[in-house]
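Report on the following structure.
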Amino acid sequence: MNASSLPRRRARIAVAALAVPLAVAALSGCQRSAQGSAPAPVAPVASTPAAAASSPATASPAATAGSGAAAAAAKAAAASALSAAVKQASSAAGTVGSDLSGASSAPEGDPTQ
Amino acid sequence: MTPTSVRRRVTVVAVSLGAAALLAAGVSAPAYAATVARTCTASALAAAKTAVGASVSHRDSVLSALSGHLDVRPHLTSSHRTTLAGLYSADQVGLAQVLARVQADTTCAAASTDAQHIVTDYRVYLLVVPQSGLTLAGDVGTYGAQTLTAAEPAVRLAIKLLPSSSTKEQAQTLYDDMAAQTSAALGDFAGVGDAMLALTPASYPGSSATLKAQAARVASGAKSLAAAGSDASQLAALLD
């Protein structure tokens with residue numbers, strides 16, 4: 001990473017750190033305005049891949065009409081989270097391939113033993 | 001030296017080609033031992049002991065290398081790490097004990113019989129190596145899939161907030177596939193380490209089917225993980 005990219009990276013990290021709370025706050029605000037003054041809890045996020053896959057990706061009309069800033073923040077947070085996850089997952093996938101290969105061929109050993 | 005069958009090596013070194021031919025032809029163990037007893041000489045016994053020492057030494061180096069792999073696999077579970085480290089250590093101690101017995105043997109037949117324990121009691125190449133590799137692969141693969149799972153809430157939120165558009169539809173499609181592939185990978189990797197570490201040298205050759213089945217699961221999990229990673233990469237670009 002060169003020196004000129006550092007400020008951009010720091011700014012991106014800062015945006016990512018703030019993005020989820022901002023987006024959640026925006027969603028909560030939308031729901032509050034739609035339902036009155038009582039705080040409406042944000043629907044819990046499914047914690048498993050299966051649950052996530054089955055969760056309808058439908059928000060209330062108020063939520064989907066959330067501010068452009070919240071949407072941008074959420075996009076930045078998601079992109080940042082995904083980028084980090086992709087790096088980890090890619091590294092893990094490479095390691096899995098290496099270990100799988102090693103498991104099927106003993107180095108210099110007789111596999112019948 | 002490249003180790004081959006300990007028994008074959010002992011045979012070649014310690015007895016005549018005729019005896020080796022008998023063994024290869026399926027002559028019974030007692031008949032083989034009798035042949036060895038007739039043909040064994042002091043120099044042949046010494047050579048056999050040297051060959052056995054080399055076989056143990058190579059296994060010892062393989063076990064040390066496997067032990068070294070544990071240091072560079074931070075995502076191995078602590079339970080599996082402990083079990084594998086204990087396995088390597090116990091095998092190295094046991095192999096050293098077998099070697100000591102062989103070195104103390106006074107006949108080629110006794111040396112040959114003891115040397116077979118190097119194979120049958122440890123199965124370093126046939127069992128320990130794949131046990132290690134597949135356990136590591138299962139745990140690392142689980143970690144990799146979990147990192148994608150951890151990113152899912154943020155992605156779902158971002159997609160929710162996208163205005164209706166082809167981009168939103170594309171993102172939803174990619175997300176659905178990523179979640180499905182990640183789930184499939186987690187399913188494939190789950191339990192691989194436990195299944196592998198439950199195998200013992202005594203379970204051979206019946207354990208071969210388990211080895212193949214678990215290797216197939218890891219291969220399938222790796223494929224799903226790669227697909228999920230590709231989806232995630234495209235999603236990141238779409239949302240960036």
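Chain naming here is simple, since letters A, B, ... match the order of the sequence lines and numbering starts at 1 in each. Heavy-atom basis, side chains included; hydrogens, waters and symmetry copies ignored.
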* To do: Might you point out which heavy atoms bring B/G221 and B/D188 nearest each other, and give the distance in Å?
  => N-OD2, 3.3 Å
* **Part of B/L225 lying under 4.5 Å from any heavy atom of chain A** => side chain
* To do: Could you check B/V98, B/L87, B/L63, B/L127 and say which one makes a side-chain contact (heavy atoms from CB on, under 4.5 Å) with B/Y122?
  => B/V98
* Structure fact -> chain A shares the most heavy-atom pairs under 4.5 Å, among B/V72, B/L211, B/D139, B/V218, with B/V218
* To do: Go through the atoms of B/S233 and report whether side chain, backbone, both or neither lie under 4.5 Å from a heavy atom of chain A.
  => both
* To do: Give, as side chain, backbone, both or neither, the part of B/M178 having an atom under 4.5 angstrom from any heavy atom of chain A.
  => side chain
* To do: Provide the closest heavy-atom pair for A/S83 versus B/A236 in the form atom of the first, atom of the second, distance.
  => OG-CB, 4.0 Å
* Minimum heavy-atom distance between B/A184 and B/S224, given as atom pair plus value -> CB-OG, 3.8 Å
* Interface moiety of B/A145 toward chain A, non-hydrogen atoms closer than 4.5 Å -> neither
* Between B/R217 (side chain) and B/A190 (backbone), is there a donor-acceptor pair under 3.5 Å? -> yes
